[in-house]
Structures are given as C-alpha cells and as structure tokens.
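The chains referred to below are lettered A, B, ... by the order of the sequence lines, with proteins before strands, and numbering in each begins at 1.
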Protein chains: 2
Amino acid sequence: MKPGAEALHNKLSLFIDFEDNDNEALDSLIDGPHQQIPRGTDIVTEGEPHRRGHVILDGWAASYKTLPDGRRQILSFLMPGDIVGLFAPVSAVCTASVATLNDLEVATFMPEEVVTVTSRSPRLGVALGWAAAREHEILAEHLVNVGRRSAAERVAHLFLEFWARLRVRGLTNGKRFTIPVTQTIIADTLGLSVVHVNRTLRQLSNQGILESNRDKAVIVDLGRLQALAGFSEDFLLNHYAPHTLRRRVEALDQMLGGAGRSLDGDGRDKTSQPQA
Amino acid sequence: MKPGAEALHNKLSLFIDFEDNDNEALDSLIDGPHQQIPRGTDIVTEGEPHRRGHVILDGWAASYKTLPDGRRQILSFLMPGDIVGLFAPVSAVCTASVATLNDLEVATFMPEEVVTVTSRSPRLGVALGWAAAREHEILAEHLVNVGRRSAAERVAHLFLEFWARLRVRGLTNGKRFTIPVTQTIIADTLGLSVVHVNRTLRQLSNQGILESNRDKAVIVDLGRLQALAGFSEDFLLNHYAPHTLRRRVEALDQMLGGAGRSLDGDGRDKTSQPQA
DNA sequence: CGTCGAGTTGATGTCTATCAAAGTGAGTGG
DNA sequence: CCACTCACTTTGATAGACATCAACTCGACG
C-alpha cells in the first residue's frame, strides 16, 4: 500500500475488515494525479462549482465559511485520510471553502469515481458513508461546544478531538502530536477572539494540563483535560470502539445483500466500553 | 396522497420530479403505523439504541444534546416532512435526543425499509440523500450563527430559516407562520440565555421588524430582517432554486445509470449523514 | 383561586471582545 | 553576520455583550 494511504486505511478499518477488492477499490481513489499544494491555499471555494475531489495524504486543511464583513467560522478540520468533496455532487455549488493549513499532499479524483468505487466495493461504500456520518457527528459536537461551553471547555474539547482523530490514524506519539494550527485558527473554530484563546491556552499551560504551539501539542494531564472538557464517553466510543462498529457493518451488509432481512436486535450492542 | 405526506412531497419535489413509482415508494414510508405523540416527549434518546424511524406528518420536534450539568444545545428543528432516523443504522446508538415541541403526528417505519424504498426508487433514494445533505448544510449554518454572529443576528437568521423551511413545504401564510417554539428553546438553539433572547425579540418587535410569540411569528419588515441576518443568497438558493437542483439530479441520474446497478450508488452514500 | 408555563423587566456581575503594543523566532537579504 | 520582516504569540487596559439573579405579569387550566 502506498504510504500516504495508510491514514485513510486505518480510519476506514474502524468500519470494515479490509479484503483484497476493498483495497483495490480504495486504491483507485488515490491512484489519480497527486498534487502538492502550498500552505494557505484554498482548494475549494465557497460559491463556486465543484471540481475534483481530494484525498488528503499529508498535511491539514480546514473547511470554513466567511461572513460578508470578514468574520470567519471554521467548520471542520481535515487531516490525512480525510476526503474532500466525497459527495460533492449533492449540491450545485460549494457551500464552504477549504483552505490548506500547511503544505498539503493530496490525491485527486473525479466525482464520478466515487460511484465506481462503491460499485466495485459496496462495503467500502458503506464505510465511506459511515465516515461521512462521523463528520456530521463532529460538526454537531462543535455546535454544542461553541453554543454551550466556556472558553476553557471549548479549547480542552478541541484538543481532545485532535488527539482522538489523529490517534485513530496512527498519527500520534503518545500524548504528543503535531498540529499545524495557529491560535487565530483555533479562535475561528471556537467562536472566540485570538486574544482570549491565547489567555486560555496560557492558563492551561500554567496549570500543567496542556502545552501547545503552532506546531505541536502535548497533553500533560489527560485526566484533568478530559474533566475540563466533559469529554463524553459517547464521543470516545465513536472513535475507539471498532468492534461495535464492525458489528453494525455486518448488519448493514446483510441489509444491502439480502435487502430486507430483519434488523431486530441490531443496535443492542452498545455494551463495549471505550478502551482509551 | 395522504394529507400529512404533502409536506414531505413538497420538500422532495425540490429535488426530483415525481413519477408514479416514486410516489408509491414514498408511500411505503408513510404507510406504516401512525402515532400521536404528546408534546414534550422524547421520541429518541441520546445514548440508547435506535428504534423505529419517524416521518413527521404534523407538529415540530427538535434534536438536541445535553451536557452533564444540564446545559442544552439544540441542533436542529424537525418539521412536517422531515424524517427522523433515516440513516439511523450508521451508528450504534443515538448520538442526540429528539423531543416533540408540540403534539406530533408521525408515521413510523423500520430502518430496513429505507433500503427497500431506495431500491424501488433509486431516484427517491437520491432525493432523500439530498435532503440529508441539506440538513448538514443547515447544521453548518447554525454553527456559523452561534460562533460568529451577535444575538440579534442569530435571532434574525433563525426566524428566516424557519420561514424558508416552512415556505418550501407550503406551510406559511405570507409572512406569517406558526412556530411552537418558546424563548427557552430559541435560547438553547442560539447559545444564549432566555433573558437575552427575550430582550432581543422585544427589540426586534419595537423596531417593527418581527413579531413573535410561542405560537406564531410575523415578519413585519423582511428587508431589514434579512439585512440584519446577513441572510446569504447561497442559503436562499439552496431553498428556492429547484431548477438548479434538478439539473444536478439529472446529472447524477446519469452517473447512477451509467455506472451500473441500482443499489451500489444508492442514495444513502450520497448523504453527509442524517440529522439526529 | 392557586398553580404553572411562558414572557417581561430591572439590577448586577462577568466573561469575552477590542484596542494597543510589545516580545519571539524563523527566514530573508544585504 | 546582522538588520529586517513577517507570522505568530503574549500581555495590559478598557469596554461591551451577554449571563445571572430576582421579581412581576399574564393567560390557561383544573
């Protein structure tokens, strides 16, 4: 497997056990032309029609919306293994922009290739749908964050999200990880001012909870960070309970294959605990 | 067509021109057992496994998340024609609750019926996927709202959203419409306190822009309300430009038709995930 | 007629924004 | 090798938006 595809593979492994033809199908998404994109570039622009899709192989990007007066809200972060424009054709034009946060390496694909991929490997299609669903989850969690949490809680939660997402892809080094994210960007994610993000970060650092700068972050005291964030077990579960998820996939496989088998009893398996 | 299904039909008409078998397929979603649910009931509970799906025929509901200490964030509103649990099987347990805001009439369906429906009418499946994608859009818009707008802007935007969504379904009476929404609920939607929502609403009323109470709202000065909200044309477009959307559907129809089989590209994959 | 949900209003407090400016550190060019 | 810039972080002072606390009104309801 190509090195850059590993993160994507790791991520999707949460949902399905890969078989040969899944791998082949997946490869067809990342076999397209690769591209190096310098930091600070918009690879998607709000209001413009959709172009090619991108699989992020290395680097980070962020999707965002801007208001006429320049205020900006970041919606989500895209990291290695994430896919931009997966279901692009669903809307006429892009509804948000996507900007690179550091130098990015991507594989590009044509929108219709998604159809090809899912027809070659329906199971992979399902996994991709799941991945999209999780993005929806994360968006919802961001809304809670911004709507109902204090600055410190928001920051704590965001860093835990980074950590969790990178971990799943095998991109962390214990409690240390790389984040190409300035305080300005954090501010635009959390609906705060840069100054206040700075003070909050400083406070977390002084309290021996979290160290961070533009390049990297170190979780010094995980327990207190989680306590601060009120990091919900459910959220963790979605990230760390592949077995639960795998069972769901099997159930759905049946649905797709048998088109009408009963699903009774599905979902009763909320048993397994997140293994942090 | 059953009366309660009209809103759903209207909504989906934005995406496809209905044909006979589409109608039949759609009917199978609402032919299931109907139910009357009193106001203030949770029809879905965060953390519990998924049960049946619901098509809302009459009344409103809201999906929300709560924090351990009781703070609450409403994620989205569900009105007649909206579907709860459309793609439920994608996650093991519900990640948000759904509560009724007034007495609700719903049709219920089993999760696997979605598969049946989309296989009987792939075009309808696509339309359902589209609808889900739009919900994703609305969620993103809520995030911008809460993260980067002032109280007055948030309120203005929310009421314009209500108006737009109801209009599409033929549920408005000019600039007057029914909303079973208390100020407490608005507060939990916008990340504000009840008191401040009240003052903001009062201010809008005093300025002759918007009149509202628990039952209904009247847009008195649409121009100023839109100006206040910075209501983007894009957002409107997504709600009012069926022709654009229709063209996209045709394009996708071709993709689906060309690439092969009915179920592989089934609508489910085209979504960025169901509401809640 | 008392209770209850909802809306309203005033007084007070605080979290966070805004304004302003200085400090760091990597990278550039002379 | 040393200015010098640029992007980013940090810190102080001040202001404002919104939260919180508390109390009152009003209509619906049993």
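Each end of the helix from C:dC1-D:dG30 to C:dG30-D:dC1 gets its own axis, taken as the rotation carrying the C1' atoms of four end pairs onto the next four within a five-pair window, and the two axes meet at 30° to the nearest 10 degrees.
A cation-pi arrangement is present between A:R167 and A:W163 under the rule of less than 6.0 angstrom and at most 45 degrees off the ring axis.
No side-chain donor from either of A:E135 and B:H136 sits under 3.5 Å from a side-chain acceptor of the other. Side chains of B:T108 and B:Q35: no donor on one and acceptor on the other come within 3.5 Å.
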### Per-nucleotide protein contact string for nucleotides 24-30 of chain D, where B marks a base within reach and S marks sugar-phosphate only (heavy atoms under 4.0 Å, - for neither)
-------
### Message
For a quick check, with a 4.0 angstrom heavy-atom cut-off, what is the B/S/- contact string for nucleotides 4-15 of chain D, read 5' to 3'?
### Response
---SSSBBBB--
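Evaluation of the side-chain contact (heavy atoms from CB on, under 4.5 Å) rule for B:A62 yields B:I74, B:F77, B:L101 as partners, not counting sequence neighbours. For A:A217, the side-chain contact (heavy atoms from CB on, under 4.5 Å) partners are A:F159, A:F177, A:I179, A:S212, not counting sequence neighbours. By the salt bridge (Lys or Arg N to Asp or Glu O under 4.0 Å) test, A:D103 pairs with no residue at all, sequence neighbours left out. With sequence neighbours excluded, the residues that form a side chain to side chain donor-acceptor pair (under 3.5 Å) with A:E153 are A:S150, B:R71. Qualifying side-chain contact (heavy atoms from CB on, under 4.5 Å) partners for A:E105, counting only residues two or more places apart in sequence or in other chains: A:H34, A:Q36, A:L57, A:D58.
Note on B:G191: only backbone sugar-phosphate atoms sit closer than 4.0 angstrom, heavy atoms only; bases stay farther off.
Residue B:R154 contributes atom CZ, which lies 13 Å from atom P of D:dA17 at whole-angstrom precision. Counting to the nearest Å, the C1' atom of D:dT20 and the CZ atom of A:R148 are 13 Å from each other.
Taking every nucleotide of DNA chain C with any atom under 4.0 Å from a non-hydrogen atom of chain A, the first and last of them, 5' to 3', are C:dT16 to C:dC19.
Across all non-hydrogen atoms, the minimal contact from B:H54 to B:F109 is N-CE2, 3.5 Å.
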### Task
Take A:K11 and A:E6 through the salt bridge (charged side-chain N to carboxylate O under 4.0 Å, His left out) test and state the conclusion after the steps.
CA-CA 8 Å; A:K11 184 176 84 161; A:E6 203 170 318; over 6 Å; no
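Residue pairs satisfying the side-chain hydrogen bond (donor to acceptor under 3.5 Å, both in side chains) criterion with at least one member in residues 189-198 of chain B, sequence neighbours excluded, are listed as follows: B:Q183-B:N198. Within the structure, every pair that satisfies the salt bridge (charged side-chain N to carboxylate O under 4.0 Å, His left out) test and touches residues 187-215 of chain A, not counting sequence neighbours, is listed here: A:R72-A:D188, A:D188-B:R148. Pairs engaging residues 177-187 of chain B under the salt bridge (charged side-chain N to carboxylate O under 4.0 Å, His left out) rule: none recorded [sequence neighbours left out].
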